[in-house]
There are 4 protein chains.
Amino acid sequence: MTAPHAGSSASTAHVPPDPDYAARVRASFDRQKAMHLIGARMTGVSPGACTIELASRDDLTQQHGYIHAGIVGMIVDSAGGYAGFTLFPADASVLTVEYKLNLIAPAAGERLVAEASVVKPGRTLVITRGEVYAERAGARTLCAIMQQTLIVMAGKPDS
Amino acid sequence: MTAPHAGSSASTAHVPPDPDYAARVRASFDRQKAMHLIGARMTGVSPGACTIELASRDDLTQQHGYIHAGIVGMIVDSAGGYAGFTLFPADASVLTVEYKLNLIAPAAGERLVAEASVVKPGRTLVITRGEVYAERAGARTLCAIMQQTLIVMAGKPDS
Amino acid sequence: MTAPHAGSSASTAHVPPDPDYAARVRASFDRQKAMHLIGARMTGVSPGACTIELASRDDLTQQHGYIHAGIVGMIVDSAGGYAGFTLFPADASVLTVEYKLNLIAPAAGERLVAEASVVKPGRTLVITRGEVYAERAGARTLCAIMQQTLIVMAGKPDS
Amino acid sequence: MTAPHAGSSASTAHVPPDPDYAARVRASFDRQKAMHLIGARMTGVSPGACTIELASRDDLTQQHGYIHAGIVGMIVDSAGGYAGFTLFPADASVLTVEYKLNLIAPAAGERLVAEASVVKPGRTLVITRGEVYAERAGARTLCAIMQQTLIVMAGKPDS
């Protein structure tokens, strides 16, 4: 399956107002204890985009042995939130207003990769899209797609 | 704004099981009286993709003079439904299970263009994404993005 | 089917900051030309809630003769928007940020009734839920459910 | 805030085809290792409805110290899935097709309670709604609402 909407072609013109955006994003991610619990790692940060990866573990599964859909949602919601956060001013924090997730294949493999990017940056609301891929034996399968709304909490630094 | 997720880069590998898919899709669209009412036209059909356009009209507006968000939803839901329908067998019809629409800029301009494509074709469910652009004086503004689930009604031809 | 989540039990404690909220809501609805086009009528307005009705018409149908899903979306999106608008200050206007619609039965009957109410009022964002019922021969069938996010455009009166 | 759409009024007429539905649901939940990881417990199962509770823990938090939105999504997605599963035949399993989650207040408190119920049972697709409440010092705050689509995997028993 070659899906034109899945897979970020990556050329963005976004210019972060905070030049230290990457350090700020990584520091915030590091404070998310729930990400430590599941073993998620942030492996990519660029203006308007973020990648989070997760190694498969037995304690992350649902009843059929796949990664739990809720875990899939966790990493792509976070990837979307931090994609948006790259474009926030230094003194703002980010909250997810809502997200919608379609699960389109079992999350089976050695690793999940969640990629998200900003579709529309705004002063108050930021809209993102994301995808989750399952990697197995070198092959990638698209297993979920997401659409998300974030809100910029101005004047409330993240830490 | 250059959004990596918005705008279908269009290279799909989808192969419609019905070689007459385009005629079947156009005939179905022509039976949608609601599309005639609002003046929507199908301007593109290819495997796994569909484009629907709408000329602005005063009687399609909401209270601020923009095209009504519900009208925006109508054309992108239809574009998604017919993007999926291109990949259906000849004896099946299509129903929208659900869609989620983010409205990200006012639908203002001479014309709206809704583009949708299939992210994941399946035997029972088909997942699509879509975008709506407003065209004004030659410029395009992304005004809405959609994520949608369709169901294949096998053995129930559309007409 | 008796669905606990469908059908508003209606007892709200919402207190509109604008005592003339009902007149303001009805005036705004009357300016929505798209609602006139499809023949939608606002038949109920109360604090945090709104009802919009639509008589079936041949020119509102999709290819199988049911009311077009996009039309279903139009009236429930509007019902949600005006449910929220009842709780806005007099000098604010309303925009839909996003909505998600599940279509669960064909919209067949003499009349559609869209009911929506506010789940969470906020200063910036307002969250609503809505349902659409099809009425035929005195019986009601739930045909769609919606979940929606609105934004309060403060200092931008609706007219 | 009294929200008519939040909080299941609970009187359903759903009749599970499998009289042993409760044991089947609880056994499936027990096989979800991800639920063990976060400490979630299933505290209610009835025809078409399910309740899942989660005690707050430091390792479930996001960067501001609240329960991570993804964890909120995990428990309400599972509550919805098992609400639907109560109505499945004994030889079927359940998959989430998609869900949409609005986060409306910080998930702060001693405990989260996710309640979900079936809005529309179907042979292939089942639609649910859910809510998550945060409990603190005896008071309940609505912190998230969900709308979800499930698919019945007929002839594929859960275990």
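What you see is a predicted model; the values in this text were computed from it and never measured. Just so we're on the same page: letters track the sequence lines, and every chain starts at 1.
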Quiz item: chain D: which of A:Gly73, A:Ala27, A:Ser28 shares the most heavy-atom pairs with it under 4.5 Å?
Solution: A:Ser28
Quiz item: If you take all heavy atoms of D:Gln63 and A:Gln32, which pair is closest and at what distance?
Solution: OE1-NE2, 2.8 Å
Quiz item: When rounded to the nearest 0.5 angstrom, what is the spacing between CD1 in A:Ile151 and CG in D:Leu103?
Solution: 12.0 Å
Exercise. Might you point out which heavy atoms bring A:Met74 and D:Met74 nearest each other, and give the distance in Å?
Key: SD-SD, 3.8 Å
Quiz item: Which of the residues A:Gly70, A:Ala34, A:Ala144 is involved in the greatest number of heavy-atom pairs with chain D at under 4.5 angstrom?
Solution: A:Ala34
Quiz item: Can you say whether D:Asp158 sits under 4.5 Å from chain A via the side chain, the backbone, both, or neither, judging by heavy atoms?
Solution: both
Self-check item: Point-to-point distance, once rounded to the nearest 0.5 Å, from NZ of A:Lys33 to NE2 of D:His68
Solution: 13.0 Å
Quiz item: Does a side-chain heavy-atom distance below 4.5 Å link A:Leu101 with D:Thr96?
Solution: no
Practice problem: Count the heavy atoms of every other residue, nucleotide or ligand shown that sit under 6.0 Å from CZ of A:Arg140, and state whether that count exceeds 12. | Solution: yes
Quiz item: Between D:His64, D:Met146, D:Met35, D:Glu98, which shows the greatest number of heavy-atom pairs under 4.5 Å with chain A?
Solution: D:Glu98
Practice problem: Select all residues of residues 53-62 of chain A having any heavy atom within less than 4.5 Å of some heavy atom of chain D, and report them by number, or 'none'. | Solution: A:Arg57, A:Asp58, A:Asp59, A:Leu60, A:Thr61, A:Gln62
Quiz prompt | Contacting moiety of A:His36, where chain D heavy atoms sit under 4.5 Å | solution = neither
Quiz prompt | Portion of A:Asp77 that has a non-hydrogen atom of chain D nearer than 4.5 angstrom | solution = side chain
Quiz item: Around A:Arg26, counting heavy atoms of other residues, nucleotides and ligands shown, do more than 12 lie under 6.0 Å from its CZ?
Solution: yes
Quiz item: With a 4.5 Å limit on heavy-atom distance, are the side chains of A:Leu37 and D:Leu37 in contact?
Solution: yes
Quiz prompt | Interface moiety of A:Thr149 toward chain D, non-hydrogen atoms closer than 4.5 Å | solution = neither
